[in-house]
Amino acid sequence: VIDREGDVWFGTESGASKHVPGPFRTYTADNGLPSPFVRAIQADGKGRLWTGTRNGVAVRDGERFLNVSLPGVKENRVYSLAPDGGTTGGMLIGMRRGLVWYTDHGPREFHEADGLPSDVVYSLVPDPKGGVWIGTDKGLARWDNGRIRVVGAPATSKLAVISITVDERGRVWMGRLAGGIAIYDGDSVTSIGVPQGGTDQ
């Protein structure tokens, strides 16, 4: 991710690294990260840099990271982060057990009972046209202004979606945990695997 100063950030198993002219600068638990295993880095609507780790979320404050309190949230393992796409400046947090919407009012959890295909949220990617795509271990969903709806069911319901990107035509490309790629094009799903010239997972 690129922060508002123009620096490029990477999440690694040993901390969050920032590429600056010269050597990389690495931030670890010594700098306030709740865990050195950083799975996600994202800037929110206010330009603040968020990190999602194996043990919770933190926001950058100068050369330190401050833990984000998620009262009532039982699972701390974070897989993905994305701005909520609205005017609240909130952040969506994809976790091993649900989706958390964090705003100035605090966290709110969403689970299967709230419309998620599954509580395992691997991937969150903003749609350039609005909303956020949600990849779970049981299919694809969308976030729109606090509402979740399953997308492409039943065609996507068996897909464990670990990564997502949206192309210039609005097609949603999904990397699958079992290997291969699936493309959602509004009313159809196409798979690309080894028979279509793909390699492996």
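- Residues satisfying the side-chain hydrogen bond (donor to acceptor under 3.5 Å, both in side chains) test with Arg96, not counting sequence neighbours, are Glu75.
- Grouped by direct or indirect side-chain proximity (heavy atoms under 4.5 Å, Ile/Leu/Val/Met/Phe/Trp/Tyr only), Val172 sits with Val125, Trp133, Leu140, Val151, Leu159, Val161, Ile164, Val166, Met174, Tyr184, Val189.
- Grouping Ile, Leu, Val, Met, Phe, Trp and Tyr by side-chain contacts under 4.5 Å, direct or through others, puts Val59 with Trp50, Val57, Val68, Leu70, Val73, Val78, Leu81, Met91, Ile93, Met95, Val100, Tyr102.
- Salt-bridge check for Asp144 with Arg142: passed, with a basic side-chain N closer than 4.0 Å to an acidic carboxylate O.
- By the side-chain contact (heavy atoms from CB on, under 4.5 Å) test, Arg169 pairs with Asp167, Arg171, Asp185, sequence neighbours left out.
- Arg147 is not listed as a side-chain neighbour of Arg149, based on a closest heavy-atom distance of 4.5 Å or more.
- When the side-chain hydrogen bond (donor to acceptor under 3.5 Å, both in side chains) test is applied to Arg48, the partners found at least two apart in sequence or on another chain are Asp44.
- Residues satisfying the salt bridge (charged side-chain N to carboxylate O under 4.0 Å, His left out) criterion with Asp114, sequence neighbours excluded, are absent altogether.
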Could you list the donor-acceptor pairs under 3.5 angstrom formed between side-chain atoms of residues 17-29 and any protein atom two or more places apart in sequence or on another chain?
from  : atom 1 : to    : atom 2 : distance (Å)
Ser17 : OG     : Thr26 : OG1    : 3.1
Lys18 : NZ     : Tyr27 : OH     : 3.4
Tyr27 : OH     : Glu63 : OE1    : 2.8
Tyr27 : OH     : Glu63 : OE2    : 3.4
Thr28 : OG1    : Asp30 : N      : 3.2

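- Heavy atoms of other residues, nucleotides or ligands lying less than 6.0 angstrom from CZ of Arg77 number more than 12.
- Cluster membership check: Leu92 does not share its hydrophobic cluster with Tyr79, using side-chain heavy-atom separations under 4.5 Å among Ile, Leu, Val, Met, Phe, Trp and Tyr.
- No more than 12 heavy atoms of other residues, nucleotides or ligands sit less than 6.0 Å from atom CG of Asn145.
- Scored by the side-chain hydrogen bond (donor to acceptor under 3.5 Å, both in side chains) test, Arg60 finds Asp3, Glu5 as partners (sequence neighbours excluded).
- Classification of the Trp9-Phe65 ring pair by plane angle, with boundaries at 30° and 60°, yields perpendicular.
- For Asp137, the side-chain hydrogen bond (donor to acceptor under 3.5 Å, both in side chains) partners at least two apart in sequence or on another chain are Ser118.
- Nearest heavy atom pair, residue Thr136 against residue Tyr122, reads C-CD1, 4.1 Å.
- Take Thr53 and apply the side-chain contact (heavy atoms from CB on, under 4.5 Å) test, not counting sequence neighbours, and it matches Pro34, Ser35, Val38, Thr51, Asn55.
- In this structure, Trp173 has no ring-ring contact (aromatic ring centres under 6.0 Å, His included) partners at least two apart in sequence or on a different chain.
- Residues Val1 and Val8 form no side-chain contact, since every pair of their non-hydrogen atoms from C-beta on lies 4.5 Å or further apart.
- Asp119 pairs by the salt bridge (charged side-chain N to carboxylate O under 4.0 Å, His left out) definition with nothing, not counting sequence neighbours.
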